[in-house]
Each structure stands twice: as C-alpha cells, then as structure tokens.
Amino acid sequence: MDAPFGNHHAASKTWGVQNNTPPDDFGMNQSAFTDQSLSVEDYLRNEEVSEIRHEYLGGKIYPRDDASMRHCLITGSLISILLPASRIHACRCFASAFKLKLDNFGETTFYYPDLMVVCKPKDRHPLYATQPSLIIEVLSETTERIVRREKILAYQTLPSLQEYVFVAQDYPQIEIYRRRTVWLPEVHAEGAFTIECLDLTASVAEVYQDIGGFS
C-alpha cells in the first residue's frame, strides 16, 4: 500500500531491521515487522515501548533519523523563543517526541514534527495532537526532500494549521508559510520574522545563536 502523500523514506526499514529488533516482550508477533500492514492500535502500543521513534504511513512504519548536534541546538533555541508566547496564549508547545495524527484519503498518518504549538483546548490526547496551529521542521540533508515533497502537502490539509515553518540548519534561513497567504513562502535570512498565531516577533540571529558560525 502506497503512503498517502508519496514515497516516504525510499530506504526506510520496518522494525527488526538493522538491529532495531524489539525486545522479547515488545507485544507484537513477528508479522508486524514484515511488509504486512500494521494497525494504528498496534503502532501506538508498541511505539510507547520502542527505543526508536517511527512515523506511520499507510500501515507501514519508518524510523526517524537521529538528530545532529546543530539540529538539537536550533530546536532548543526555538523552544525558548516559542514557550513564553505559547503560555501567554494558553497554547502548548511540543518538541519532536510528540506525535501528530492526520486522517486523509481514508488513511491514518502519524508524524513527529520537530516542534508543534497546539492552541485548541480540546486537543488533549496523551499520545498525539490533531489540531496544531503551528508546525516547525528543522531541515537536514536526509529529511528536506520528505518535508518539501510529502509533509508540506499533508500539513496543509489540517484545518487548524495557521503557519508552518522550515528552518535550515546548514545556513541561516527561515521559511514561513501562512494559511492567510495561501501558503506562499516568506523567506528570512536575517533580521526579524513573525509568528502570527502567537503574536510573536523574533530574529533569525536568535534561532542560530548557539551554532557559532557556519562552515
């Protein structure tokens, strides 16, 4: 079964490959780690005890790549920028360990965005969000193609989403896409940028302040 938004991770493997075999008490039989489709219930149950996070598309699972040091530093800066404004607006800010659930075209998908801001008071599932107002992805060489060709389309189907942001990690650049401008890109390499759903203005330099230069 094809993933609903395209070919997610051309070289991705399911559990049990490349030493990702689950422990004996993982709770699933071996057929779950083959090409057979995995139910949403099994995915959620086993993701809770897995040491490796997996995204879920069309009944298949795909392991998340490990984040680089630069990725982690940028994400940390973004959290420190977003958190005060999120609290003022009674929103919640989630980092990459929290899932986003989408239901489109008869398929359920789970992603792990790098950052999400959720402002809907009823969006309270303990394992995932469904109604984010803001999504931020920190791009890497291995994830940029997937984000730009697959996730960008998936995110646009979320009625709650007001903005999504792509942040480069190898050079200073922040791309903002807003619903009110029909998702046209707004690119910032320096100076200030605005996250409208939080009434927040920050600088590009703040996002990259811990990097110490690019080479």
Side-chain angles (χ1 to χ4, degrees), residues 4-5 40 43-44 47-48 53 55-57 64 67 71-105 107-139 143 146-148 150-169 173-188 191-209:
F5 298 103
V40 168
Y43 164 73
L44 290 174
E47 194 72 358
E48 284 297 284
R53 295 195 305 274
E55 296 187 327
Y56 175 94
L57 294 90
R64 286 266 294 179
H71 184 287
C72 293
L73 291 172
I74 292 171
T75 302
S77 293
L78 288 166
I79 292 172
S80 68
I81 292 168
L82 294 173
L83 198 54
S86 297
R87 289 171 172 163
I88 289 171
H89 288 268
C91 301
R92 289 159 293 140
C93 185
F94 296 99
S96 58
F98 199 64
K99 292 181 283 295
L100 168 66
K101 180 185 179 186
L102 302 97
D103 289 294
N104 290 302
F105 312 114
E107 297 285 357
T108 297
T109 301
F110 288 94
Y111 291 127
Y112 282 98
D114 289 318
L115 287 168
M116 284 190 293
V117 173
V118 177
C119 299
K120 300 290 186 181
K122 294 184 178 179
D123 193 358
R124 293 277 180 178
H125 195 283
L127 300 181
Y128 53 79
T130 59
Q131 301 178 74
S133 297
L134 170 68
I135 293 174
I136 300 179
E137 297 280 10
V138 180
L139 304 178
T143 65
I146 298 163
V147 169
R148 292 190 182 279
E150 174 188 314
K151 293 186 178 182
I152 193 170
L153 299 177
Y155 293 159
Q156 289 176 11
T157 68
L158 291 164
S160 64
L161 192 68
Q162 299 305 307
E163 293 158 292
Y164 61 86
V165 180
F166 296 159
V167 180
Q169 65 171 298
Q173 180 170 291
I174 296 172
E175 300 173 42
I176 304 175
Y177 299 78
R178 309 184 198 274
R179 179 176 297 277
R180 71 168 181 82
T181 59
V182 200
W183 309 120
L184 295 174
E186 177 183 310
V187 181
H188 300 268
F193 64 93
T194 300
I195 302 298
E196 294 180 353
C197 66
L198 295 176
D199 298 319
L200 170 67
T201 298
S203 70
V204 174
E206 286 180 83
V207 174
Y208 295 99
Q209 62 184 327

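These values consider heavy atoms only, across backbone and side chains, with no hydrogens, waters or symmetry-generated copies.
At least one side-chain heavy atom of Gln173 sits less than 4.5 Å from a side-chain heavy atom of Val187. Here the side chains of Glu186 and Glu163 are not in contact, with every heavy-atom distance at 4.5 Å or above. Side-chain contact between Leu161 and Gln156 is absent, with no heavy atoms from C-beta onward closer than 4.5 Å. Two residues are said to be in side-chain contact when any heavy atoms from C-beta on lie closer than 4.5 Å; Leu127 and Glu48 meet this criterion.
For the side-chain contact (heavy atoms from CB on, under 4.5 Å) test, residues two or more places apart in sequence or in another chain that qualify with Arg180 are Arg178, Glu196.
Separating the CD1 atom in Ile135 from the CD1 atom in Ile152 is a distance of 11.0 Å, to the nearest 0.5 Å. Taking CG of Asp199 as the reference point, atom OG1 of Thr194 lies at 9.5 Å (rounded to 0.5 Å). Note that OH of Tyr111 and CD of Glu150 are 3.5 Å apart. Values are rounded to the nearest 0.5 Å. Within the model, atoms CE of Met116 and CD of Glu137 stand 9.5 Å from one another, a figure rounded to the nearest 0.5 Å. Distance check, rounded to the nearest 0.5 Å: CD1 of Ile195 to CG of Leu78 gives 8.5 Å. Rounded to the nearest 0.5 Å, atoms CD (Glu206) and OG1 (Thr201) are 10.0 Å apart.
Nearest heavy atom pair, residue Ser86 against residue Leu198, reads OG-CD1, 3.8 Å. The heavy-atom pair separating Ala154 from Asn104 by the smallest distance is O-ND2, 4.5 Å. Nearest heavy-atom pair across Ala97 and Tyr112 is O-CE2, 3.5 Å. Of all the heavy atoms in Tyr208 and Ala168, the pair that sits closest is OH-O, 2.6 Å. Ala95 approaches Leu115 most closely through the heavy-atom pair CA-CD2, 3.9 Å. The two residues Ser160 and Lys120 make their nearest non-hydrogen contact at CB-CE, 4.1 Å.
With Trp183 as the fixed residue, the ring pair (Phe, Tyr, Trp, His ring centres under 6.0 Å) test singles out one of Tyr177, Phe166, Tyr164: Tyr164. Checked options Leu102, Leu100, Leu44; the residue passing with Phe110 is Leu44 (criterion: side chain to side chain contact (heavy atoms under 4.5 Å, CB included)). Only one option out of Ile74, Thr75, Ile174, Val167 pairs with Ile136 in a side chain to side chain contact (heavy atoms under 4.5 Å, CB included); it is Val167.
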> Do Ile146 and Lys151 pass the side chain to side chain contact (heavy atoms under 4.5 Å, CB included) test, and can you show the C-alpha distance, the side-chain angles, and the key distance before you say yes or no?
Replying inline: CA-CA 6 Å; Ile146 298 163; Lys151 293 186 178 182; 4.2 Å; yes
> Can His125 and Lys99 be said to form a side chain to side chain contact (heavy atoms under 4.5 Å, CB included), step by step?
Replying inline: CA-CA 10 Å; His125 195 283; Lys99 292 181 283 295; over 6 Å; no
>> For Val165 and Phe193: C-alpha separation, side-chain torsions, deciding distance, then whether side chain to side chain contact (heavy atoms under 4.5 Å, CB included) applies.
In response: CA-CA 11 Å; Val165 180; Phe193 64 93; over 6 Å; no
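Panel note: side chain Asp123, backbone Thr130; a donor-acceptor pair is recorded below 3.5 Å.
Ion pairing between Arg64 and Asp114 holds under the 4.0 Å rule for side-chain N and carboxylate O.
In this model, no donor atom of one side chain and acceptor atom of the other lie less than 3.5 Å apart for Glu47 and Tyr56.
Cysteines Cys119 and Cys91: SG-SG separation is under 2.5 Å.
Atom CZ of Arg148 has more than 12 neighbouring heavy atoms from other residues, nucleotides or ligands inside a 6.0 Å radius.
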